Amino acid sequence: MPDDDLAELCRDSQNETQKALTPGSKDIYVQLVLSFALGLSAFTAFCILRPRWKTLYAARKRHTNPEIALPVLPDSFLGWIPALFRITEKQVLASAGLDAFVFLSFFKMSLRLFGTMLFFSVVVLWPIHQAFDDTYPDPVYPKPPNDSSISISSSFDGQYTDELFPSFMKDKGQKGDKNSGYIWSYLVFTWFFSLLTIYFMNAETFKVVKLRQDYLGTQSTITDRTFRLTGIPKDLRTEAKIKEFVENLEIGHVRSVNLCQNWSEIDGLVVQRRNILRKLEEAWSAYKSQKVITPRAAIPDNVTNEANDGNDENGQDEHEEHADENGRLLVGDSLRGLMGERERPKIRLRFGFLKMRNRKIDALDYYEEQLRQLDVKIQDARKKEYAPTETAFVTMDSIAACQMAIQATVDPRPGQLLIKPAPSPYDVIWKNTYAPRYRRRLQSGAVTVFITSLTILWFFPVALLAQLLSICTISQVAPSLAETLQRHEVTRALVRTGLPTLVVSLLNVLVPYLYDYLSNIQGSISQGEVELSVISKNFFFVFFNIFVVYAVSGSAALADFWQIIRDSLRDTHSIAMKIATSIQTLNNFYLNFIMLQGFGLFPFKLLQFGSVSMYPFYRMGAKTPRDFAELVQPNFFNYGFYLPTALLVFILCLVYSVLPGSELVLLLGVCYFGLGYFVYKYQLLYSMDQPQHATGRAWPMICRRIILGLVSFQVVMLAILVLRSAFYEAALVGPLVVLTFWYNFYFHKQFIPLTKFIALRSIKRSSDPGRQSNPDRDEGEQMQLARRMSTIDEDREKGLSFINPSLISPLEQPWVYQDPPPPLTPAESADSHSPSRSEDRDIRTSQRYNTTVSTSSSLSLGDTHIWREIGDNNV
């Protein structure tokens with residue numbers, strides 16, 4: 001395109017402010033090809049590497065019960081897909097728990113819902129749009145509102161809106177009433193799709209609640225029998241008084257009480273010991289990695305002959321490559337003195353006034369002495385009594401007694417003796433149990449305010465980046481490059497479509513890490529609460545920045561954005577109108593976003609591209625056997641990283657379900673949730689661990705976000721109908737909004753208690769005289785649940801108790817050799833930190849691991865070389 005045409009395209013008629021360009025049909029095809037190319041390459045790589053890197057792609061520990069164990073997936077290229085498809089919901093529930101079941105249920109519900117919507121969109125809405133609706137551009141074959149081949153973007157200043165929508169009204173008047181009746185289809189399908197969404201969500205909620213009650217009612221864990229008592233007055237802060245107080249309520253007998261105390265001293269010592277232990281292991285690894293060059297004349301003849309005879313008798317010539325280290329160790333104790341010829345690692349210790357003096361000392365001796373002193377301090381600290389706090393964990397003798405206490409109001413004074421469900425013992429964040437309530441509230445409020453401000457401020461880099469990716473901006477910096485991009489459709493599509501969606505997707509990937517860190521310092525009592533907090537905060541970010549802000553301002557300049565905000569403050573319905581007008585031209589951007597998220601990025605999540613790409617760097621940084629053992633641990637599945645994006649796609653599919661081009665949006669939604677279901681099902685069952693214990697409490701959060709999406713959908717449709725001068729149809733959308741708010745109230749009242757507590761009738765008993773009055777209770781399924789040996793929660797909580805691990809956990813020894821050492825018992829002395837006492841055993845173990853080589857992989861990056869538990873030369 002000539003320079004004059006490009007300048008004319010980027011010039012506004014009034015103030016000559018530049019506008020970004022709306023993607024056209026060519027952009028959608030380019031984005032589709034790009035997404036498929038990325039996805040197919042990642043999926044092919046996964047299918048090739050999956051049978052070879054089983055330590056990565058099958059790292060999750062499976063259930064030990066053979067009745068509910070997961071099937072072993074075939075090693076063929078695509079054979080694992082049918083096997084994964086045949087895994088039932090009961091197997092998912094038994095193997096991965098309630099949180100994974102709830103997460104996957106959302107994807108299955110979305111798949112069925114949008115599949116049904118797609119059918120009606122293709123059969124009914126698409127013919128209506130093709131026959132009557134000529135005013136809106138089609139997402140695949142756009143029809144711009146002017147004669148230009150490229151339409152103006154969603155920045156929508158006042159004049160553009162005034163010029164565009166009066167033309168709608170004029171066209172409507174010119175066509176006559178015989179063609180304006182199709183507007184009623186907008187109203188009918190707004191009602192129909194809203195009620196259909198509520199129906200699917202309500203039915204799935206009944207299913208989730210029923211399975212949750214049956215699952216928790218048939219298991220017996222210490223978590224189900226324990227509640228957390230907070231706001232304890234000072235006169236009751238002893239375990240005996242708390243036990244007496246609870247038993248006086250006559251709800252059951254108390255089995256144990258653990259009053260939280262101010263354990264900051266011993267927790268600090270344990271953290272300090274862990275750091276010293278790491279440094280000692282690194283020093284030992286540095287010491288052992290040095291090669292010993294000893295003259296043969298320095299070795300006694302009897303030792304040399306003994307070594308040679310031993311090698312000849314055993315015929316172990318194949319281990320000559322280990323003679324450099326293990327060979328001398330296997331000869332006998334007489335060679336241990338030769339190890340002194342290695343240069344021992346040194347550290348520089350600073351001391352004196354202002355730490356101005358320093359001296360080099362032996363690192364091994366220094367860290368071993370530090371570890372010995374810390375062990376003595378920890379043993380003494382475990383015998384101390386600390387100041388009690390206002391929190392206690394009370395374990396009852398039955399689940400029913402615990403649930404009655406949780407669901408009751410105990411004390412008439414506000415904030416006193418509050419009973420709440422207890423998290424799992426391995427899920428408790430103990431440092432927050434003894435933190436004062438005001439401090440935790442202050443932390444929570446400060447983090448909330450900071451995240452809210454940060455979410456709003458995220459718009460500035462996003463808008464600035466959108467401007468930099470605009471061809472109009474490029475034309476000001478590099479006119480020749482902009483002209484070249486404008487002439488070639490493919491490169492122009494990549495700049496206008498591929499780069500913005502890629503940048504938004506990368507931002508959506510990186511921001512949750514920051515929110516996860518902020519949620520961890522918010523003062524939550526358990527990791528489950530932290531995970532739910534990350535879900536909430538990350539969804540607020542993606543919904544506000546990717547949907548609301550982008551829909552209101554599009555790729556407008558910052559000055560335009562603030563002008564829109566000022567107009568919105570003066571006129572309350574301005575935001576709704578801006579969203580309605582912008583939504584109709586941003587459909588291609590959101591189409592490209594869903595395509596990239598589904599076809600392009602889901603296979604990379606299946607491949608665990610981040611772990612694979614970062615592994616060489618982690619391996620280069622690993623020094624000790626503990627570091628190498630941590631490399632092969634399964635990654636953690638964080639729901640807060642994946643669920644908010646899926647909820648945003650759900651809302652986008654709802655918003656565009658009635659507008660022209662809805663069949664394409666809904667088709668992409670079906671593909672997105674179908675691919676997401678299989679990807680996350682594989683990760684949750686086979687490749688990733690989920691340490692959180694939320695017992696399915698994410699489902700109410702999912703439903704609330706779906707209701708928010710319904711309200712957004714209805715408000716957008718109401719605004720569009722107003723802009724089309726369909727005031728009667730718009731007025732009839734109002735009762736639907738009221739109905740949605742009523743359902744939100746109904747949902748909170750009917751379902752929230754059942755997603756937080758265990759109903760007393762759900763608890764397994766030997767007899768239930770009112771069983772016939774509970775027709776929803778599936779006795780066959782109930783008996784099947786009762787016959788199982790244990791659930792995943794029961795396996796996790798075997799032998800656990802609500803006691804701070806710093807008080808009872810055995811102290812770890814330095815992990816110097818490949819075989820992990822046993823932990824120290826309280827009776828053992830602290831001088832066992834030196835590995836010389838168990839050196840013979842560790843040498844034999846090292847020899848066994850060094851002589852065992854797997855040949856199951858034909859690649860140099862297979863299990864034998866990278867993704868194995870213990871390498872040949874890890875130390």
Side-chain angles (χ1 to χ4, degrees), residues 101-103 105-118 120-121 184-213 532 535-536 539-540 542-544 547-548 576 579-580 583 643-644 646-659 662 666 669 673 696-721 729-757 759 776:
F101 174 80
V102 164
F103 182 77
S105 296
F106 167 66
F107 278 81
K108 288 190 66 176
M109 181 200 71
S110 304
L111 186 61
R112 295 193 299 267
L113 172 64
F114 292 127
T116 306
M117 287 184 176
L118 176 62
F120 287 99
S121 178
W184 285 94
S185 65
Y186 282 29
L187 173 66
V188 171
F189 277 93
T190 300
W191 272 85
F192 177 64
F193 285 164
S194 296
L195 296 178
L196 191 67
T197 303
I198 292 176
Y199 169 77
F200 274 90
M201 180 174 62
N202 198 70
E204 196 68 24
T205 302
F206 272 102
K207 177 182 175 182
V208 168
V209 166
K210 180 179 181 300
L211 282 176
R212 181 184 185 274
Q213 294 294 322
L532 296 177
I535 294 174
S536 178
F539 173 80
F540 177 69
V542 297
F543 179 78
F544 182 79
F547 180 72
V548 176
I579 292 179
I583 282 292
L643 184 56
L647 289 169
L648 176 64
V649 173
F650 188 98
I651 293 175
L652 292 177
C653 292
L654 272 181
V655 170
Y656 284 100
S657 60
V658 179
L659 298 178
S662 60
L666 293 174
F673 286 103
R697 284 185 296 165
W699 184 254
M701 300 183 66
I702 293 174
C703 293
R704 292 192 188 99
R705 273 64 184 178
I706 292 176
I707 294 174
L708 175 62
L710 281 174
V711 174
S712 302
F713 164 55
Q714 294 157 8
V715 169
V716 168
M717 294 306 302
L718 188 149
I720 289 176
L721 291 174
E729 294 88 339
L732 293 177
V733 177
L736 181 59
V737 178
V738 176
L739 177 64
T740 305
F741 279 107
W742 173 85
Y743 179 78
N744 182 45
F745 172 78
Y746 165 81
F747 181 90
H748 182 81
K749 184 177 180 181
Q750 295 294 118
F751 296 115
I752 293 299
L754 294 174
T755 58
K756 293 176 60 178
F757 312 120
D776 294 334

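Source: prediction; values computed, not measured.
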Applying ring-ring contact (aromatic ring centres under 6.0 Å, His included), name anything that partners Tyr743, two or more places apart in sequence or on another chain.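 Here the qualifying residues are Tyr746.
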Measuring only between side-chain heavy atoms, which start at C-beta, is [X] closer than 4.5 Å to [Y]?
X	Y	answer
Trp191	Leu739	yes
Ser536	Phe540	no
Phe543	Ser712	yes
Leu732	Leu721	no
Phe650	Leu113	yes
Leu710	Val737	no
Arg697	Leu532	yes
Leu643	Phe539	no

Is the Phe103 to Phe107 ring centre distance short of 6.0 Å?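 They qualify: ring centres under 6.0 Å apart.
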Pair Phe713 and Phe193, ring centroids less than 6.0 Å apart: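 No, the ring of Phe713 stays outside the 6.0 Å limit from the ring of Phe193, centre to centre.
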Please round to the nearest 0.5 Å and tell me the distance separating atom [atom1] of [X] and atom [atom2] of [Y].
X	Y	atom1	atom2	answer
Leu111	Thr116	CG	OG1	9.5 Å
Leu187	Trp184	CG	CH2	6.0 Å
Ile702	Met109	CD1	CE	8.0 Å
Thr197	Phe114	OG1	CZ	6.5 Å
Leu654	Ile706	CG	CD1	8.0 Å
Leu648	Arg705	CG	CZ	13.0 Å

Could you report the tightest heavy-atom contact between [X] and [Y], atom names first, then the distance?
X	Y	answer
Ala759	Leu754	CB-CD2, 4.5 Å
Phe101	Lys207	CZ-CE, 4.3 Å
Val655	Val716	CG1-CG1, 4.3 Å
Cys653	Leu666	O-CD2, 3.8 Å

Start with the C-alpha distance between Arg112 and Glu204, add both sets of side-chain angles, then the distance that settles salt bridge (Lys or Arg N to Asp or Glu O under 4.0 Å), and finish with yes or no. CA-CA 11 Å; Arg112 295 193 299 267; Glu204 196 68 24; 2.7 Å; yes
Using a distance-only test with no angle check, is there a side-chain donor-acceptor pair under 3.5 angstrom linking Gln714 and Ser194?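 Yes, Ser194 and Gln714 have a side-chain donor paired with an acceptor closer than 3.5 Å.
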Please state whether the rings of Phe751 and Phe206 are parallel, tilted or perpendicular, taking 30° and 60° as the class boundaries.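 Plane angle over 60°, so perpendicular.
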Spell out, as yes or no, whether a donor-acceptor pair under 3.5 Å connects the side chain of Arg704 to the backbone of His748.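 Not a single qualifying donor-acceptor pair exists.
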Go through the steps to decide whether Ser121 and Ser662 satisfy the test side chain to side chain donor-acceptor pair (under 3.5 Å), and finish with yes or no. CA-CA 7 Å; Ser121 178; Ser662 60; 2.7 Å; yes
